[in-house]
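Okay, structure first, notes after.
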Amino acid sequence: RGLVGSEMCIRDSGKSAAGTASIPLPENRKWVITMSLTAETENLTDAMGLLAEKIQASGGYVESQSVSGTAVNSGRSPSAYITVRVPAEQLDSFVEDVSGMTNVVSSSRYVEDITLSYTDTEGRVKALKTEEARLLELMEQAETMSDLLEIEGRLTEVRYQLENYTSTLRLYDNQVDYATLDLTLREVAKLSLIHISEPTRPLY
(Lines give C-alpha, C1' and ligand atoms only; values in the text may rest on other atoms or scores of the structure.)
Protein backbone atom coordinates (compact mmCIF):
# COMPACT_ATOMS: atom_id res chain seq x y z
CA ARG A 1 0.00 0.00 0.00
CA GLY A 2 1.06 3.61 -0.46
CA LEU A 3 1.29 6.19 2.28
CA VAL A 4 -1.66 8.41 2.98
CA GLY A 5 -0.47 11.57 1.25
CA SER A 6 3.24 11.60 1.96
CA GLU A 7 3.25 11.05 5.71
CA MET A 8 2.98 8.18 8.15
CA CYS A 9 2.32 8.51 11.87
CA ILE A 10 2.81 5.75 14.43
CA ARG A 11 1.93 6.09 18.10
CA ASP A 12 2.75 3.67 20.87
CA SER A 13 3.36 3.59 24.62
CA GLY A 14 5.73 2.03 27.09
CA LYS A 15 8.82 -0.07 26.46
CA SER A 16 7.59 -1.04 23.00
CA ALA A 17 8.60 2.46 21.94
CA ALA A 18 12.03 1.29 20.85
CA GLY A 19 10.51 -1.35 18.62
CA THR A 20 8.25 1.18 16.94
CA ALA A 21 11.27 2.92 15.42
CA SER A 22 12.40 -0.24 13.62
CA ILE A 23 9.55 -0.47 11.10
CA PRO A 24 11.38 -0.67 7.75
CA LEU A 25 10.91 2.03 5.14
CA PRO A 26 11.19 1.52 1.38
CA GLU A 27 14.68 2.21 0.07
CA ASN A 28 15.65 4.73 -2.61
CA ARG A 29 13.34 7.34 -1.12
CA LYS A 30 14.04 10.54 0.82
CA TRP A 31 12.55 10.16 4.29
CA VAL A 32 12.31 12.81 7.02
CA ILE A 33 11.84 11.13 10.41
CA THR A 34 10.66 12.86 13.57
CA MET A 35 10.09 11.13 16.90
CA SER A 36 8.63 12.32 20.18
CA LEU A 37 9.32 10.52 23.46
CA THR A 38 8.06 11.18 26.97
CA ALA A 39 10.08 9.44 29.66
CA GLU A 40 10.54 9.30 33.42
CA THR A 41 13.63 9.02 35.59
CA GLU A 42 14.27 8.99 39.32
CA ASN A 43 17.34 11.19 38.92
CA LEU A 44 17.22 13.82 36.18
CA THR A 45 20.84 14.92 36.61
CA ASP A 46 22.20 11.40 36.17
CA ALA A 47 19.89 10.72 33.22
CA MET A 48 20.98 13.92 31.50
CA GLY A 49 24.62 12.91 31.90
CA LEU A 50 24.01 9.49 30.39
CA LEU A 51 21.96 11.04 27.61
CA ALA A 52 24.81 13.41 26.70
CA GLU A 53 27.15 10.42 26.40
CA LYS A 54 24.71 8.54 24.16
CA ILE A 55 24.23 11.59 21.93
CA GLN A 56 27.95 11.98 21.47
CA ALA A 57 28.44 8.25 20.83
CA SER A 58 25.74 8.26 18.15
CA GLY A 59 27.29 11.19 16.30
CA GLY A 60 24.30 13.40 17.04
CA TYR A 61 23.92 16.81 18.62
CA VAL A 62 21.51 18.81 20.78
CA GLU A 63 19.54 21.33 18.74
CA SER A 64 17.73 22.86 21.71
CA GLN A 65 17.36 22.19 25.43
CA SER A 66 15.55 23.62 28.41
CA VAL A 67 15.44 22.44 32.03
CA SER A 68 12.89 23.55 34.62
CA GLY A 69 12.02 22.89 38.24
CA THR A 70 15.61 22.47 39.40
CA ALA A 71 15.77 25.64 41.47
CA VAL A 72 15.45 25.32 45.24
CA ASN A 73 11.83 25.80 46.40
CA SER A 74 10.62 25.96 42.81
CA GLY A 75 7.65 23.83 43.76
CA ARG A 76 7.91 21.85 40.51
CA SER A 77 9.35 18.46 39.71
CA PRO A 78 12.53 18.76 37.63
CA SER A 79 12.04 18.15 33.92
CA ALA A 80 13.93 18.64 30.69
CA TYR A 81 12.80 19.28 27.13
CA ILE A 82 15.43 18.36 24.57
CA THR A 83 15.49 18.28 20.78
CA VAL A 84 18.19 15.93 19.54
CA ARG A 85 19.39 15.44 15.96
CA VAL A 86 20.66 11.91 15.42
CA PRO A 87 22.01 10.28 12.24
CA ALA A 88 18.98 8.53 10.75
CA GLU A 89 20.72 5.17 10.65
CA GLN A 90 21.47 5.49 14.39
CA LEU A 91 17.94 6.44 15.47
CA ASP A 92 16.71 2.95 16.38
CA SER A 93 19.71 2.13 18.56
CA PHE A 94 19.60 5.58 20.15
CA VAL A 95 15.92 5.18 21.07
CA GLU A 96 16.73 1.77 22.54
CA ASP A 97 19.45 3.40 24.64
CA VAL A 98 17.00 6.02 25.90
CA SER A 99 14.44 3.29 26.68
CA GLY A 100 17.10 1.35 28.57
CA MET A 101 18.13 4.19 30.88
CA THR A 102 14.69 5.79 31.41
CA ASN A 103 11.07 4.72 31.72
CA VAL A 104 9.47 5.61 28.37
CA VAL A 105 5.75 6.23 28.86
CA SER A 106 4.77 7.33 25.36
CA SER A 107 6.20 7.76 21.89
CA SER A 108 5.19 8.98 18.46
CA ARG A 109 6.98 8.61 15.15
CA TYR A 110 6.28 10.72 12.07
CA VAL A 111 7.68 9.88 8.65
CA GLU A 112 7.47 12.17 5.62
CA ASP A 113 8.44 11.23 2.08
CA ILE A 114 10.07 14.26 0.39
CA THR A 115 11.40 12.36 -2.63
CA LEU A 116 9.34 14.29 -5.19
CA SER A 117 10.29 17.68 -3.76
CA TYR A 118 13.94 16.66 -3.55
CA THR A 119 14.02 15.36 -7.12
CA ASP A 120 12.28 18.47 -8.44
CA THR A 121 14.77 20.74 -6.65
CA GLU A 122 17.69 18.69 -7.98
CA GLY A 123 16.32 19.10 -11.49
CA ARG A 124 16.02 22.86 -11.08
CA VAL A 125 19.61 23.10 -9.83
CA LYS A 126 20.85 21.12 -12.83
CA ALA A 127 18.87 23.26 -15.29
CA LEU A 128 20.08 26.52 -13.71
CA LYS A 129 23.71 25.38 -13.81
CA THR A 130 23.30 24.58 -17.50
CA GLU A 131 21.79 28.01 -18.14
CA GLU A 132 24.55 29.68 -16.13
CA ALA A 133 27.22 28.01 -18.29
CA ARG A 134 25.42 29.07 -21.46
CA LEU A 135 25.08 32.68 -20.27
CA LEU A 136 28.81 32.82 -19.53
CA GLU A 137 29.48 31.70 -23.10
CA LEU A 138 27.12 34.35 -24.45
CA MET A 139 28.87 37.04 -22.42
CA GLU A 140 32.10 36.27 -24.24
CA GLN A 141 30.30 36.55 -27.58
CA ALA A 142 28.33 39.74 -26.80
CA GLU A 143 29.00 42.44 -29.39
CA THR A 144 27.18 45.38 -27.83
CA MET A 145 26.99 46.87 -24.36
CA SER A 146 23.21 46.46 -24.27
CA ASP A 147 23.53 42.75 -25.04
CA LEU A 148 26.16 42.40 -22.34
CA LEU A 149 24.02 44.19 -19.75
CA GLU A 150 21.00 42.04 -20.63
CA ILE A 151 23.01 38.84 -20.25
CA GLU A 152 24.53 40.01 -16.97
CA GLY A 153 21.06 40.80 -15.64
CA ARG A 154 19.81 37.32 -16.46
CA LEU A 155 22.99 35.77 -15.05
CA THR A 156 22.45 37.56 -11.75
CA GLU A 157 18.89 36.25 -11.60
CA VAL A 158 19.98 32.70 -12.44
CA ARG A 159 22.69 32.72 -9.78
CA TYR A 160 20.24 34.03 -7.18
CA GLN A 161 17.80 31.21 -7.97
CA LEU A 162 20.63 28.69 -8.02
CA GLU A 163 21.77 29.75 -4.56
CA ASN A 164 18.23 29.42 -3.20
CA TYR A 165 17.65 25.96 -4.66
CA THR A 166 21.09 24.77 -3.56
CA SER A 167 20.33 25.94 -0.02
CA THR A 168 17.05 24.04 -0.14
CA LEU A 169 18.89 20.88 -1.18
CA ARG A 170 21.31 21.28 1.73
CA LEU A 171 18.33 21.65 4.08
CA TYR A 172 16.71 18.52 2.64
CA ASP A 173 19.96 16.60 3.04
CA ASN A 174 20.20 17.62 6.69
CA GLN A 175 16.58 16.63 7.34
CA VAL A 176 17.07 13.25 5.69
CA ASP A 177 20.50 12.46 7.14
CA TYR A 178 19.59 13.45 10.71
CA ALA A 179 16.36 12.32 12.35
CA THR A 180 14.80 14.62 14.93
CA LEU A 181 13.96 13.34 18.42
CA ASP A 182 11.90 15.54 20.77
CA LEU A 183 12.40 14.19 24.28
CA THR A 184 10.47 15.19 27.38
CA LEU A 185 12.21 13.81 30.47
CA ARG A 186 10.63 14.14 33.91
CA GLU A 187 12.02 13.31 37.35
CA VAL A 188 9.56 11.33 39.48
CA ALA A 189 9.65 9.81 42.94
CA LYS A 190 8.31 6.51 41.61
CA LEU A 191 8.32 5.25 38.03
CA SER A 192 4.97 4.57 36.39
CA LEU A 193 3.88 1.01 35.68
CA ILE A 194 3.58 0.76 31.90
CA HIS A 195 1.17 -1.65 30.26
CA ILE A 196 2.74 -3.08 27.11
CA SER A 197 0.10 -3.17 24.40
CA GLU A 198 0.12 -4.13 20.76
CA PRO A 199 1.59 -1.35 18.58
CA THR A 200 -0.85 0.87 16.72
CA ARG A 201 -0.96 -0.08 13.03
CA PRO A 202 0.75 2.49 10.76
CA LEU A 203 -1.56 4.71 8.71
CA TYR A 204 -0.72 3.32 5.27
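Just so we're clear, the structure is a prediction, and the values are computed from it rather than from any experiment.
- Residue Y61 belongs to a hydrophobic cluster whose other members are Y178, with links defined by side-chain heavy atoms closer than 4.5 Å.
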Stepwise salt bridge (charged side-chain N to carboxylate O under 4.0 Å, His left out) test for R154 and E131
CA-CA 10 Å; R154 177 54 186 167; E131 184 176 359; 2.7 Å; yes
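- In this structure, the separation between CD on E112 and OG1 on T34 is 8.0 Å, given to the nearest 0.5 Å.
- By the side-chain contact (heavy atoms from CB on, under 4.5 Å) test, A52 pairs with no residue at all, sequence neighbours left out.
- The distance from the CG atom of L171 to the OH atom of Y118 is 11.0 Å, given to the nearest 0.5 Å.
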K129 and V125: side-chain contact (heavy atoms from CB on, under 4.5 Å), yes or no, with the steps?
CA-CA 6 Å; K129 285 183 176 180; V125 168; 3.8 Å; yes
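- One finds a salt bridge joining E137 and R134 here, because a Lys/Arg side-chain nitrogen approaches an Asp/Glu carboxylate oxygen to under 4.0 Å.
- In terms of heavy-atom proximity, V84 sits nearest to I82 at CG2-CG2, 3.6 Å.
- Side-chain contact between L37 and T184: absent, with no pair of heavy atoms (C-beta onward) separated by less than 4.5 Å.
- Around CD of E143, the count of heavy atoms belonging to other residues, nucleotides or ligands within 6.0 Å does not exceed 12.
- Other residues, nucleotides and ligands place more than 12 heavy atoms under 6.0 Å from the CD atom of E89.
- By the criterion of side-chain heavy atoms lying less than 4.5 angstrom apart, applied directly or through intervening Ile, Leu, Val, Met, Phe, Trp or Tyr residues, L116 is not grouped with Y165; the two fall into different hydrophobic clusters.
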Worked check of side-chain contact (heavy atoms from CB on, under 4.5 Å) between Q65 and T83:
CA-CA 6 Å; Q65 174 180 312; T83 297; over 6 Å; no
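- A side-chain hydrogen bond (donor to acceptor under 3.5 Å, both in side chains) with N103 is found for one member of E40, E42, K190 and no other, namely E40.
- Of all non-hydrogen atoms in L91 and A179, the two that sit nearest each other are CD2-CB, 3.8 Å.
- Residues satisfying the side-chain hydrogen bond (donor to acceptor under 3.5 Å, both in side chains) test with S66, not counting sequence neighbours, are none.
- To the nearest 0.5 angstrom, E53 atom CD is 12.0 Å from S58 atom OG.
- L185 and V62 fall within a single hydrophobic cluster, where Ile, Leu, Val, Met, Phe, Trp and Tyr side chains are chained together by heavy-atom contacts under 4.5 Å.
- For E152, the CD atom sits in a packed shell: over 12 heavy atoms of surrounding residues, nucleotides or ligands are nearer than 6.0 Å.
- Atom-to-atom distance recorded for L50:CG and T45:OG1 is 11.0 Å, nearest 0.5 angstrom.
- Contact detail for E132 and L162: the closest heavy-atom pair is OE1-CD2, 3.8 Å.
- Cluster partners of V188 are L191, counting Ile, Leu, Val, Met, Phe, Trp and Tyr whose side-chain heavy atoms approach within less than 4.5 Å, directly or via other members.
- For R186, there are no salt bridge (charged side-chain N to carboxylate O under 4.0 Å, His left out) partners at least two apart in sequence or on another chain.
- A donor-acceptor contact shorter than 3.5 Å is absent between the side chain of R85 and the backbone of L181.
- Atoms CD and OG1, on E122 and T166 in that order, are 10.5 Å from each other to the nearest 0.5 Å.
- Looking at heavy atoms from C-beta onward, V32 lies out of side-chain contact with T180 at the 4.5 angstrom threshold.
- Nearest heavy-atom pair, R109 versus M35, reported as atom, atom and distance to 0.1 Å: CG-CG, 3.7 Å.
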Could you go step by step and tell me if T144 and D147 meet the side-chain hydrogen bond (donor to acceptor under 3.5 Å, both in side chains) rule?
CA-CA 5 Å; T144 66; D147 289 342; 3.0 Å; yes
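- Counting only N and O atoms by type, the side chains of R170 and S167 include a donor and acceptor under 3.5 Å apart.
- Proximity of a side-chain donor or acceptor of D177 to a complementary backbone N or O of A88 within less than 3.5 Å is not detected.
- Under a 3.5 Å cut-off, the side chain of W31 and the backbone N or O of I114 do not form any donor-acceptor pair.
- In this structure, the side chain of T115 engages the main chain of K30 through a donor-acceptor pair within 3.5 Å.
- Apart from Y81 itself, the hydrophobic cluster it occupies contains nothing, where clustering links Ile, Leu, Val, Met, Phe, Trp and Tyr at side-chain heavy-atom distances under 4.5 Å.
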Hey, mind stepping through R124 and Q161 against side-chain contact (heavy atoms from CB on, under 4.5 Å) and telling me if it holds?
CA-CA 9 Å; R124 291 178 182 272; Q161 293 179 13; over 6 Å; no
Go through the steps for L183 and L51 under the test side-chain contact (heavy atoms from CB on, under 4.5 Å), then give the verdict.
CA-CA 11 Å; L183 174 62; L51 182 63; 3.7 Å; yes
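- In the hydrophobic clustering of ILVMFWY residues, with side-chain heavy atoms under 4.5 Å counting as a link, I151 and L136 come out together.
- One distance of note links OG1 of T121 with NZ of K126; it measures 15.0 Å at 0.5 Å rounding.
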